[in-house]
> 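Before we start, here is the structure in question, set down as structure tokens.
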Protein chains: 2
Amino acid sequence: MPASKSGQTDAYSLILDAIDGGTFRPGDRLVESELAERFNVSRTPIREALQRLETQSLLAREGRSLIVASLDHNQTSELYVVRSELEALAARLAARHATPEEVRVLREMVLTDDALVDDPTALSRNNRRFHRQIHLASHNRYLVQQLDLVYRSMALMARTSLAAEGRGLIAQAEHAKIVDMIEARDEAGADEALRSHISVAFVTRLKQEAAQLEREG
Amino acid sequence: MPASKSGQTDAYSLILDAIDGGTFRPGDRLVESELAERFNVSRTPIREALQRLETQSLLAREGRSLIVASLDHNQTSELYVVRSELEALAARLAARHATPEEVRVLREMVLTDDALVDDPTALSRNNRRFHRQIHLASHNRYLVQQLDLVYRSMALMARTSLAAEGRGLIAQAEHAKIVDMIEARDEAGADEALRSHISVAFVTRLKQEAAQLEREG
DNA sequence: CAGTGGCGGTCTGCATGCATTTTCCGGGGC
DNA sequence: GCCCCGGAAAATGCATGCAGACCGCCACTG
């Protein structure tokens, strides 16, 4: 029987979401026939999806089969270096090119988040939206594309509880500062504000990793 | 009959090379059955290859079928902005992390090219190798991957005779300067040298585009 | 004469069968 | 007790059949 219902998204998105949502964890082996059964399609679309994900380095080959890629500590650092640079560029370009309407949307996102400091899940989702809005405000399609890739790879990093205590409030202040700089058309300031924001996020992640290692042994 | 001989590379590389080599030009429509026949495989591997290329934005959808993506002037500019930033980052990291052996390889590449100033094709090939060597010397796998993507997209830019007259010699000097900076561990200097190198290359391309537009009417 | 409806061809997308290869497991030998 | 080898099961990779959608063309009608 064909794929059945209507709201059916394609296999690619399904697998991507499963990785993103933690259903498939780094190191897991993905077997075509299993996925085909799970998502109720034939192996063909699954194969295509897997190859696309492999192209983006979200999956890696181990022997002949595919596993969810994982990032060791070094790769995580490398990823943050690149992310930092690209996000800073996006901020700089946003300060130069954002329309007043885009700035206003950013501003409102920050205000909305003020009401959510106690809801880590919602904050995390909004955080991603906030950053994406900055990317778009750069008006550089290539940059947006590259940053998409970065964010996807970030899903592979060792999973950490997404909001360390207190991070919410601090991040809020950082976000507000970023919007200020963009609104003021201060390119260097926006660049710096974003770099420092990412840096704090990286430090937070490292601390969480360290704590996790301790728990595990 | 199966794919026949031995030296057979996969469909993905075949199509990629064809785009890179100009056999398929931006705007060309790629029909699965045609490609299957041309490369003497079935439609399945072709389909997979096409989807992978689409994921990298080397192909775009037009209605239901796939065409080779093309970059308008704006996109070209956007691409150069990102490229500039990433290459500069690579140079900075190379200045920090390159091993003496890697520096030596870079140095030798520049010297070798001195003998080739009259062979644009060879120069162009070596140019790409030179830059890739810098990327690798950054010792940042993510950066290497992102830059790979950038270089692939560059194949989509309006085709220009790859070496404008005189560009060979100038580029040689620029390359030498870059290596100097990396060898001296001067991160800011390497960053700046690479930015300026890319900038000159971009200017050259713009001039060629302008000349071409004039020729065409 | 113009507009519309139907019809054929073509291409994409998915399913499935088949061959090849790898991997895993067990038994036997050293 | 450990290692090596052989066979079976499973998983990948490719080919091909089939259904559905879209495009263009032509005829038919108002």
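All values reported here derive from a predicted model rather than from experimental measurement. Convention: sequence-line order gives letters A, B, ...; per-chain numbering from 1.
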> For A:Asp119, which residues count as a side chain to side chain donor-acceptor pair (under 3.5 Å) partner, sequence neighbours excluded?
none
> How would you list, by chain and number, every residue that makes a side-chain contact (heavy atoms from CB on, under 4.5 Å) with B:Ala190, sequence neighbours excluded?
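With neighbours one apart ignored, the set is B:Ala91, B:Ala95, B:Met181, B:Ile182.
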> Could you work out, with ring-ring contact (aromatic ring centres under 6.0 Å, His included) as the rule, every residue matching A:Phe130, not counting sequence neighbours?
A:His175
> Mind checking ring-ring contact (aromatic ring centres under 6.0 Å, His included) for A:Tyr80 and listing every partner two or more places apart, or none if nothing turns up?
A:Phe202
> Taking side chain to side chain donor-acceptor pair (under 3.5 Å) as the definition, give me every residue that meets it alongside B:Arg83, ordered by chain and number, with sequence neighbours left out.
B:Glu87, B:Tyr151
> Which nucleotide in the set D:dG13, C:dG13, C:dT16 lies at the smallest distance from any side-chain heavy atom of B:Arg61?
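Nearest listed nucleotide: C:dG13.
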> Ignoring backbone atoms, test whether A:Thr44 places a side-chain nitrogen or oxygen under 4.0 Å from the OP1 or OP2 oxygen of C:dC14.
no
> What pairs of nitrogen or oxygen atoms, one from the protein and one from nucleotides 21-25 of chain C, lie under 3.5 Å apart?
{"from": "C:dT21", "atom 1": "O2", "to": "A:Arg64", "atom 2": "NH2", "distance (Å)": "3.3"}

> Would you jot down, in residue-number order, the residues of residues 45-56 of chain A having a non-hydrogen atom under 4.0 Å from DNA chain D?
A:Arg47
> Using the salt bridge (Lys or Arg N to Asp or Glu O under 4.0 Å) criterion, which residues pair with A:Glu32? Sequence neighbours excluded.
A:Arg43, A:Arg47
> Could I get the full list of side chain to side chain donor-acceptor pair (under 3.5 Å) partners for B:Ser77, not counting sequence neighbours?
none
> Out of C:dT12, C:dC14, D:dT12, which nucleotide sits closest to the side chain of B:Glu32?
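Of all the options, the side chain of B:Glu32 is nearest to C:dT12.
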> When B:Leu71 is tested against each of B:Met157, B:Met154, B:Glu78 for side chain to side chain contact (heavy atoms under 4.5 Å, CB included), which residue passes?
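Only match with B:Leu71 under side chain to side chain contact (heavy atoms under 4.5 Å, CB included): B:Met157.
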> Can you pull out how bent the helix from C:dC1-D:dG30 to C:dC30-D:dG1 is, comparing the axes over its first five and last five pairs, to 10°?
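Both end axes considered, the difference amounts to 10°.
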> Residues two or more places apart in sequence or in another chain: which of them pass side chain to side chain donor-acceptor pair (under 3.5 Å) with A:Glu85?
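A:Glu85 satisfies side chain to side chain donor-acceptor pair (under 3.5 Å) with A:Arg195, B:Arg92 only.
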> I need the full list of side-chain hydrogen bond (donor to acceptor under 3.5 Å, both in side chains) pairs touching residues 61-75 of chain B, with sequence neighbours left out, sorted by first then second residue.
B:Arg29-B:Ser65, B:Glu54-B:Arg61
